[in-house]
Amino acid sequence: MKKRWILNLLLLAVVVGIAVFLHLKPEEKALAAKYDVSSLKMADAESLKIEFPAKAPTIFERQDGYWMMRKPYAARADQMSVQRALSIIAATSGTKLPLQDAAKYGLDQPELKVTLSGAQGEHVFIFGTHNPVTEEQYVGYAGNVYMLSGQYSEAASTQPIEMIDKTPLSPAERKQLAGLDLAHLEQWEENALKIELATDGKWSANDPKAKPTQNEMNEWLDFSWKQAQATSVEVYTPDRRQPYASFEVLLRDGKKVHFDKIQESPEYLLARPDEGIIYHFPNDVGFTMVNPPVNIQAPKSK
């Protein structure tokens, strides 16, 4: 009995000793260092150039606070795609090495080069090979080499056609939208339908048989023209020898945006000759875009 008591006492002493040791041991808080790749801000960039070996560069420029693609196409850019390509400026890395041997990191023959230009000058990010252990990519910038996730090069490597804005109207045009002239679409030819949105937010139609409901029209406008995005886009060269049904979006400043209806099925294809772009929509979405709920029994399309 006495031996058991002594054994318990010894065990208690061991436990207390371990607890004291752990309490007094310096806590290991040495977190892995994180290095900012750059101190640049999104607002610092006025132009963006993405270059690949043996391929034409993709070039964007900021215009009135909005990114525009200049090459290889002249088009409105998808703003999120450009911001993802620019996200390299906010990257952090656990590895920062002096750039002394470019070939060692594949930076002498880079897979990709991203150049930002603005008031603070030109800033070049060079993407080299991938580390075989971590699968991170070596990126050179301002005399240093960083190891970063491949997401940054993937974002910049998006195909140019996929970086075109997929909304048929620009942000400025969506704000100024004042109606549609649908008279040249076959389902509305008999009515010569034209709908207008007054400055007080009230909808009207030129056909006295039309009974537009304000809430329905507002929901249609929001879904069809303010939020709808094409599933894809393609370059369009208008051929005036080929007649297409068409319509126009009316703006408050008196301007009109012309659309050609290229196809109804299986996809609904709308083209903007002024932009040289065809917008691909699901059939039901495209049909809704050109058929506002004016409560007229329209004849079926030919």
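Note that the coordinates shown come from a computational prediction; the quantities given were computed from them, not determined experimentally. These values consider heavy atoms only, across backbone and side chains, with no hydrogens, waters or symmetry-generated copies.
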Nearest 0.5 angstrom please: [X] [atom1] to [Y] [atom2], how far?
X	Y	atom1	atom2	result
E136	L148	CD	CG	7.0 Å
M289	Y279	CE	OH	10.0 Å
S47	E61	OG	CD	6.0 Å
R76	M68	CZ	CE	7.5 Å

Taking [atom1] in [X] as the centre, count heavy atoms belonging to other residues, nucleotides or ligands within less than 6.0 Å. Is the count above 12?
X	atom1	result
K166	NZ	yes
D64	CG	no
Q109	CD	no
Q242	CD	yes

Kindly say whether the aromatic ring centers of F259 and W225 come within a distance under 6.0 Å. yes
Y138-Y105 aromatic ring centre distance below 6.0 Å: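 Yes, the ring centres sit under 6.0 Å apart.
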Does the side chain of D165 come under 3.5 Å of the side chain of Y66 through a donor N or O and an acceptor N or O? yes
Determine, stepwise, if the pair E234 / R272 fulfils salt bridge (Lys or Arg N to Asp or Glu O under 4.0 Å). CA-CA 11 Å; E234 64 178 284; R272 277 190 68 162; over 6 Å; no
Is it the case that the side chain of T213 and the backbone of E216 share a donor-acceptor pair, with hydrogens and angles ignored and the cut-off at 3.5 Å? no
Report yes or no: does Q137 contribute a side-chain atom to a donor-acceptor pair with the main-chain N or O of G128 at less than 3.5 Å?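 The answer is yes, because a donor-acceptor pair under 3.5 Å joins these two groups.
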Less than 4.0 Å between a side-chain N and a carboxylate O, is that true for K209 and D207?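 Here D207 pairs with K209 in a salt bridge, since their nearest N and O are under 4.0 Å apart.
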Show, in sequence, the C-alpha distance, side-chain angles and deciding distance for Q63 and R70, and conclude whether the side-chain hydrogen bond (donor to acceptor under 3.5 Å, both in side chains) test is met. CA-CA 11 Å; Q63 179 179 313; R70 301 305 185 195; 2.7 Å; yes
Minimum-distance pair of heavy atoms, taken over all atoms of [X] and [Y]:
X	Y	value
E248	K256	OE1-CD, 3.3 Å
L197	L221	CD2-CD2, 4.1 Å
A205	I195	CB-CG2, 4.1 Å
T231	P282	CG2-CD, 3.9 Å

Mind checking whether W67 and F60 have parallel, tilted or perpendicular rings, split at 30° and 60°?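 Ring orientation of W67 relative to F60: perpendicular.
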What class does the angle between the rings of W220 and W203 fall in, given that below 30° is parallel, 30 to 60° is tilted and above 60° is perpendicular? perpendicular
Cluster question for you: counting only ILVMFWY and a side-chain heavy-atom cut-off of under 4.5 Å, with indirect links fine, are Y146 and L99 together? no
Can you get from L180 to F287 by hopping between Ile, Leu, Val, Met, Phe, Trp and Tyr side chains that sit under 4.5 Å apart?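 Yes; F287 is reachable from L180 via cluster members.
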